[in-house]
Trainee: 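Here you go, one structure.
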Amino acid sequence: MAAACARTLCKVGWNILESPAARRAGTGSYPVGNVSAHGFRRAYGTGGTGGTGVRAKLLSSLRGGGGRVLGCAFLLGGGLGLYQTVKFNVQQHLAEEETKLTGGGLKLTLYQYKTCPFCSKVRAFLDYHGLPYEIVEVNPVMRKELKWSVYRKVPILMVDGEVQLNDSSVIISSLKTYLISKEKSMSDIICCYPEMKSVNDRGKEVTEYTNKYWLMLSEAETAVAYPEKGMQKEEMKWRQWADDWLVHLISPNVYRTTGEALASFDYIVREGKFGTFEGFFAKYVGAAAMFLISKRLKSRHNLQDDVRQDLYKAVNDWVAAIGKKRKFMGGEHPNLADLAVFGVLRVMEGLQAFDDMMENTKVKYWYRRMERASLNHEGRN
């Protein structure tokens, strides 16, 4: 409607400018002609002279040489109208693109333990991409916040209150697929990550997910997401490394000594969701228990007596894989491996293990770049 009105104003403006009266008011570059003023009035059917209607005023302005001014006024009005119309359409289009880029208007609810490295991975992805989300902090003792779910681990991400995404790597792969793909719904995407149950070497039933490090993209979309040869395989390799190796270095390092175990549980209780009694119990009994468990984990994963050395080596291996020519493993911008490693390491912030890592490895500059990228939501664009 606005565009049609603007075009009409422009048309009227051009008609006035092309009228004989408007041409006579010009600089003499047009033929003057020999039409009398009276004849001109009859041509427009205005009746006698001295009329007070709209047409008479229009003719009066034309006679006085105002035709070109009036025509220009109509043209200016029409041009402004077209400008506003185009501006509105562009803003609407950009808003639609922004909606797609920021999760397509999805309502995201993350069920988590704040200090869990797998939950931190998901938050790192959501923050970097600027995806709005709500957090439900789960009580690690009673877990009543998850009573509605058959799957009892965290993280769990609920999408629009209907689609449930389990497992941190599945959550990240699903959301990244959704942000890139133009055709798939979240319900379609999650079907590509089927659940499998098995019994591990300790006789415990575990749930795994097929394809969890893959993005479900078309060939054309894959070429855009991974423009250089080997990028996709490298990203998948280091995402799996973060889950299978790096994450298992966290507990032995943050519970390395009784003092570190107590400091770690003080942080966990402060940041988590505990009742007064639960918090006291977790801080002291939990710290003692995790100190002993960390020794078993060290044996299970064949770690050195000084578990710091395993952490240092792992982090330096990661920095070496990025190399000196890249800011991130993803190049100029973080990829999913960058976000996974950053998310895992971030849970140690404020603890002795984190300070030692930053001082004794080469990870500092990469880590600070990741920190800025996450805080500034640089993946939103």
Side-chain angles (χ1 to χ4, degrees), residues 115-129 168-169 172-173 176 212-213 215 225-256 260 264 267 294 297-298 301-379:
T115 55
C116 165
F118 296 106
C119 297
S120 181
K121 276 172 52 185
V122 175
R123 291 198 312 274
F125 175 88
L126 295 172
D127 291 340
Y128 173 70
H129 287 282
S168 61
S169 293
I172 291 168
S173 294
K176 188 65 174 180
K212 66 181 182 179
Y213 300 111
L215 303 187
Y226 303 102
E228 296 180 18
K229 185 178 180 180
M231 287 182 69
Q232 185 176 25
K233 288 184 178 179
E234 182 183 49
E235 179 184 80
M236 293 171 63
K237 169 190 170 182
W238 287 97
R239 288 181 69 191
Q240 186 169 359
W241 174 84
D243 286 351
D244 292 348
W245 178 241
L246 183 62
V247 76
H248 296 301
L249 300 177
I250 303 301
S251 291
N253 272 278
V254 300
Y255 305 123
R256 184 181 62 155
E260 286 182 280
S264 297
Y267 170 70
S294 69
L297 292 174
K298 183 170 73 172
H301 298 293
N302 299 314
L303 304 182
Q304 301 177 53
D305 288 337
D306 182 2
V307 291
R308 282 288 197 275
Q309 300 307 313
D310 291 291
L311 177 63
Y312 298 161
K313 182 180 185 305
V315 169
N316 281 330
D317 286 346
W318 164 253
V319 175
I322 295 173
K324 296 181 179 179
K325 296 182 179 180
R326 296 187 291 184
K327 292 181 179 179
F328 307 99
M329 181 161 283
E332 287 297 311
H333 307 284
N335 65 9
L336 298 183
D338 287 292
L339 294 169
V341 174
F342 173 69
V344 171
L345 295 179
R346 186 171 60 173
V347 298
M348 296 190 296
E349 279 198 34
L351 302 176
Q352 186 63 47
F354 181 84
D355 295 338
D356 290 347
M357 177 189 72
M358 295 294 273
E359 183 177 346
N360 294 287
T361 70
K362 301 176 181 179
V363 77
K364 181 185 297 184
Y365 297 108
W366 169 85
Y367 189 89
R368 295 308 180 199
R369 286 194 292 268
M370 284 299 304
E371 199 169 43
R372 287 192 296 271
S374 177
L375 288 171
N376 295 330
H377 313 304
E378 291 179 11

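One-based numbering along the sequence shown.
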Trainee: To the nearest 0.5 Å, tell me how far Met348 CE sits from Leu249 CG.
Mentor: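 CG of Leu249 is found 8.5 Å from CE of Met348.
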Trainee: Evaluate Val341 against Trp238 for side chain to side chain contact (heavy atoms under 4.5 Å, CB included), listing each step before the verdict.
Mentor: CA-CA 8 Å; Val341 174; Trp238 287 97; 5.5 Å; no
Trainee: Look up atom CE in Met236 and atom CG in Asn335, then write down how far apart they are to the nearest 0.5 Å.
Mentor: 12.0 Å
Trainee: How far apart are the C-alpha atoms of Glu359 and Arg308, what are their side-chain angles, what is the distance that settles it, and do they pass the salt bridge (charged side-chain N to carboxylate O under 4.0 Å, His left out) test?
Mentor: CA-CA 12 Å; Glu359 183 177 346; Arg308 282 288 197 275; over 6 Å; no
Trainee: Step by step, would you call Glu371 with Arg368 a salt bridge (charged side-chain N to carboxylate O under 4.0 Å, His left out)?
Mentor: CA-CA 5 Å; Glu371 199 169 43; Arg368 295 308 180 199; 3.0 Å; yes
Trainee: How many angstroms lie between CZ in Arg256 and CD in Gln352, if you round to the nearest 0.5 Å?
Mentor: 7.5 Å
Trainee: Looking at Gly330 and Met231, what are the two nearest heavy atoms and their distance?
Mentor: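 Scanning both residues, the minimum pair turns out to be O-CE, 4.3 Å.
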Trainee: Between Met329 and Ala337, what is the shortest heavy-atom contact and its length?
Mentor: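 The answer is SD-CB, 4.0 Å.
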Trainee: Inspect the surroundings of NE2 in His301 and state if more than 12 heavy atoms from other residues, nucleotides or ligands are less than 6.0 Å away.
Mentor: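 Yes, NE2 of His301 has more than 12 neighbouring heavy atoms, counting only those of other groups under 6.0 Å.
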Trainee: Partners of Asp244 by salt bridge (charged side-chain N to carboxylate O under 4.0 Å, His left out), sequence neighbours excluded?
Mentor: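 Partners of Asp244 by the salt bridge (charged side-chain N to carboxylate O under 4.0 Å, His left out) criterion come out as none, since no residue qualifies.
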Trainee: Testing the 3.5 Å rule here: is there a donor-acceptor pair between the side chains of Glu235 and Tyr226?
Mentor: yes
Trainee: Would you tell me whether Lys121 and Ser169 have side-chain atoms, one donor and one acceptor, within less than 3.5 Å of each other?
Mentor: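 Lys121 vs Ser169: donor-acceptor pair found between side chains.
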Trainee: Could you tell me which non-hydrogen atom of Trp318 sits nearest to which non-hydrogen atom of Trp241, and how far apart they are?
Mentor: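 Heavy atoms only, the tightest pair is CB-CH2, 4.0 Å.
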Trainee: Applying ring-ring contact (aromatic ring centres under 6.0 Å, His included), name anything that partners Phe118, two or more places apart in sequence or on another chain.
Mentor: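 Phe118 satisfies ring-ring contact (aromatic ring centres under 6.0 Å, His included) with no residue once adjacent residues are dropped.
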Trainee: So among Asp317, Asp306, Asn253, Asn360, which one has a side chain to side chain donor-acceptor pair (under 3.5 Å) with Tyr312?
Mentor: Asn360
Trainee: Does the salt bridge (charged side-chain N to carboxylate O under 4.0 Å, His left out) test come out yes or no for Asp243 and Arg239, once each step is laid out?
Mentor: CA-CA 7 Å; Asp243 286 351; Arg239 288 181 69 191; over 6 Å; no
Trainee: Show, in sequence, the C-alpha distance, side-chain angles and deciding distance for Glu378 and Lys327, and conclude whether the salt bridge (charged side-chain N to carboxylate O under 4.0 Å, His left out) test is met.
Mentor: CA-CA 14 Å; Glu378 291 179 11; Lys327 292 181 179 179; over 6 Å; no
Trainee: Using every non-hydrogen atom in the two residues, find where Val247 and Pro117 come nearest and quote the distance to one decimal.
Mentor: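 So the two residues come closest at CG2-CG, 3.5 Å.
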Trainee: Working to the nearest 0.5 angstrom, can you tell me the gap between Met357 CE and Asn316 CG?
Mentor: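 CG of Asn316 is found 10.5 Å from CE of Met357.
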Trainee: Could you tell me whether the side chain of Leu303 reaches within less than 4.5 Å of the side chain of His248, counting heavy atoms only?
Mentor: no
Trainee: Walk me through it: do Val347 and Val254 pass the test side chain to side chain contact (heavy atoms under 4.5 Å, CB included)?
Mentor: CA-CA 10 Å; Val347 298; Val254 300; over 6 Å; no
Trainee: For the CD atom of Glu228 and the CD atom of Gln232, what is their distance to the nearest 0.5 Å?
Mentor: 13.5 Å
Trainee: Determine, step by step, whether Leu126 and Val122 satisfy the side chain to side chain contact (heavy atoms under 4.5 Å, CB included) criterion, reporting the C-alpha distance in whole Å, the side-chain angles of both residues, the deciding distance to 0.1 Å, and the verdict.
Mentor: CA-CA 6 Å; Leu126 295 172; Val122 175; 3.9 Å; yes
Trainee: Got Leu336 and Leu215 here, is their nearest side-chain heavy-atom distance under 4.5 Å?
Mentor: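 In short, these two side chains touch, coming nearer than 4.5 Å.
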Trainee: Yes or no on side chain to side chain contact (heavy atoms under 4.5 Å, CB included) for Arg346 and Ser374, after CA distance, side-chain angles and deciding distance?
Mentor: CA-CA 12 Å; Arg346 186 171 60 173; Ser374 177; 4.1 Å; yes
Trainee: Say you draw a straight line from OG of Ser264 to CD1 of Ile250; how long is it, rounded to the nearest 0.5 Å?
Mentor: 10.5 Å
Trainee: In terms of side-chain heavy atoms, does Lys212 have a donor or acceptor partner in Ser173 at a distance below 3.5 Å?
Mentor: no
Trainee: Check side chain to side chain contact (heavy atoms under 4.5 Å, CB included) between Pro334 and all other residues, then give those that pass, not counting sequence neighbours.
Mentor: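 Side chain to side chain contact (heavy atoms under 4.5 Å, CB included) check on Pro334 returns Tyr128, Phe328, Asp338, Met370, Ala373.
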Trainee: Has Ser120 got a side-chain atom pairing as donor or acceptor with Gly343's backbone, closer than 3.5 angstrom?
Mentor: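 Present.
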Trainee: Do side-chain atoms of His377 reach the backbone of His129 as a donor and acceptor pair under 3.5 angstrom?
Mentor: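 No, the answer is negative, given that no donor and acceptor are paired below the 3.5 Å cut-off.
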Trainee: Are Tyr367 and Phe354, when compared by the centres of their aromatic rings, separated by less than 6.0 Å?
Mentor: yes
